Amino acid sequence: MELTHLDQIKEILETGELRRIEFEKTEDIEIINLFQGIYGVAYAWYAAGCRTLDDIRNKKAGIKVSEVQEIGLQHYDDINTRMPREEAHEIFVAIKETALSLDPKLFIEIMGSYRRGKSTCGDIDILITRSTEDGKTHEGILPTLLNMLQTMGIIHEHLSLPDLSVDPLEAVYRGLCVRPLREGEGPESKRLRRRIDFLTVPWINRGAALIYYTGDDIFNRSLRLKANKMGYSLNQKGLSAGVVRSPTRYTVKLCDGHMIASETEEEIFRILGVYSAAFHQVSADYECSRPSKVCLGKNLTNGYGPSKWSMLCLPVYPHGLLALGLRKLGAPATPQGRVKAIQAPSLNIVYTLPTLYKR
DNA sequence: CGGCAGTACTG
DNA sequence: CAGTAC
DNA sequence: GCCG
């Protein structure tokens, strides 16, 4: 008798949760993961024959290394060490204070793994926007803020600067920072470089932006897939209805539809039918309404089968979808993952297991 | 057998 | 366009 | 790899 998905899910939930990283322990994926620790790095480096960071430093096989990637190499260990939650907090507090000194009406929020309540953070994601009720906006704030933070010694190397020419309210900055000095601490004390992203969005898009940048990636993909199945489309700007897709090519949108929710996370989650008890909680509990990563385990392969997709993991979501993390294979392959989501009515059984709510 | 999230940016 | 970041 |  074949095991059903549900049998396997129950077994994993009962025997303990695994991380999807467990499924990535093949040599090529490990090396590609190593190279992806450098901002903007290409899978092409692996394809070109590079296998170590020194191969990259020595420009083996005639590969090109951009200025930004040199920064990534220089600070490789710093950038790829997760920071304690407390350190992310110190950096965020300093940035928020600085920003509010420019305009006390700015909306400044930290997103990413910090907002998901994680005890360590791989980077810092900061959202900046501003209520428009007094007719003003956050236009022009980001460059000024970045200059101040640089003077304060918080922001260091730039990886990508904001392009304000398209929409001055929508900008992205990526760079490296260090935490502010603590009380009585001299400038000689060692502080690791940390990855930091700033993004600004129009005030009305803040809810959708919060969902997207709070993540994680698999959660977003499953949520978007659910939106599609319900006839909507979700992106970092908002939830749209009336999207018409080509019957032959599903991904081709014939009609963009119209925005029905974007200002708050709650309205978007509510329309999508996502359990939202956590909205009454503080950020550290946010993760509890979010996916619990589990794997189907040894019964499923991560091997390179004849298919161009290889299974990595199976997160379980509170909104009633399972998603299989898949990796696209084949040459020229991209290591960017894909998600397969399955509508699973029986998932209600999973919800009741305490695993989903432990932290 | 098609589909697997959606968008922005780079070369 | 392919590749990559989020 | 697996679902519709």
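Convention: sequence-line order gives letters A, B, ...; per-chain numbering from 1. The analysis underlying the following values was restricted to heavy atoms, covering all of them including side chains, and did not include hydrogens, waters or symmetry mates. What you are looking at is a predicted structure, and each value in this text was computed from that prediction instead of being measured.
Taking atom CD1 of residue A/Ile211 and atom C1' of nucleotide B/dA5, one finds them 14 Å apart after rounding to whole Å. The nearest whole Å value for the distance from the CG atom in A/Leu159 to the C1' atom in C/dC6 is 14 Å. Distance CD (A/Glu170) to C1' (B/dA8): 10 Å, rounded to an integer number of Å. Between the OH atom of A/Tyr173 and the C1' atom of B/dC9 there is a distance of 17 Å, given to the nearest Å. The CZ atom of A/Phe198 sits 21 Å away from the P atom of C/dA5 (whole-angstrom rounding). Distance A/Met230 CE to B/dA5 C1': 16 Å, rounded to the nearest Å. Atom pair A/Tyr212:OH and B/dG6:C1' shows a separation of 7 Å (rounding to whole Å applied). Taking atom OH of residue A/Tyr39 and atom C1' of nucleotide B/dA8, one finds them 10 Å apart after rounding to whole Å.
In this model, the phosphate group of C/dC6 is approached by a side-chain N or O of A/Arg195 to a distance below 4.0 Å at OP1 or OP2. For C/dA5, the OP1/OP2 oxygens have a side-chain nitrogen or oxygen of A/Gln36 closer than 4.0 Å. At the phosphate of B/dA8, neither OP1 nor OP2 sits under 4.0 Å from any side-chain N or O atom of A/Asn235.
In this structure, A/Val178 and A/Arg194 have side chains that are not in contact, with every pair of non-hydrogen atoms separated by 4.5 Å or more.
Within 4.0 Å (heavy atoms only), A/Asp197 reaches sugar-phosphate atoms of the nucleic acid but no base atom. Contact annotation for A/Leu234: backbone-only contact, meaning every heavy-atom pair under 4.0 Å involves sugar-phosphate atoms and none involves a base.
Contact detail for A/Asp125 and A/Gly112: the closest heavy-atom pair is OD2-CA, 3.5 Å.
The partner of B/dA5 is absent, by the rule that a Watson-Crick or G-U pair needs both atom distances under 3.5 Å.
B/dA5 sits 16 Å from D/dC3 when the P atoms are compared, rounded to a whole Å.
Under the 4.5 Å side-chain heavy-atom criterion for ILVMFWY residues, no single connected hydrophobic cluster contains both A/Leu164 and A/Leu142.
Checking side-chain atoms of A/Asn235 against main-chain N and O of A/Lys237 turns up a donor-acceptor pair under 3.5 Å. The backbone N or O of A/Gly62 lies less than 3.5 Å from no partner atom in the side chain of A/Lys64, so there is not a single donor-acceptor pair.
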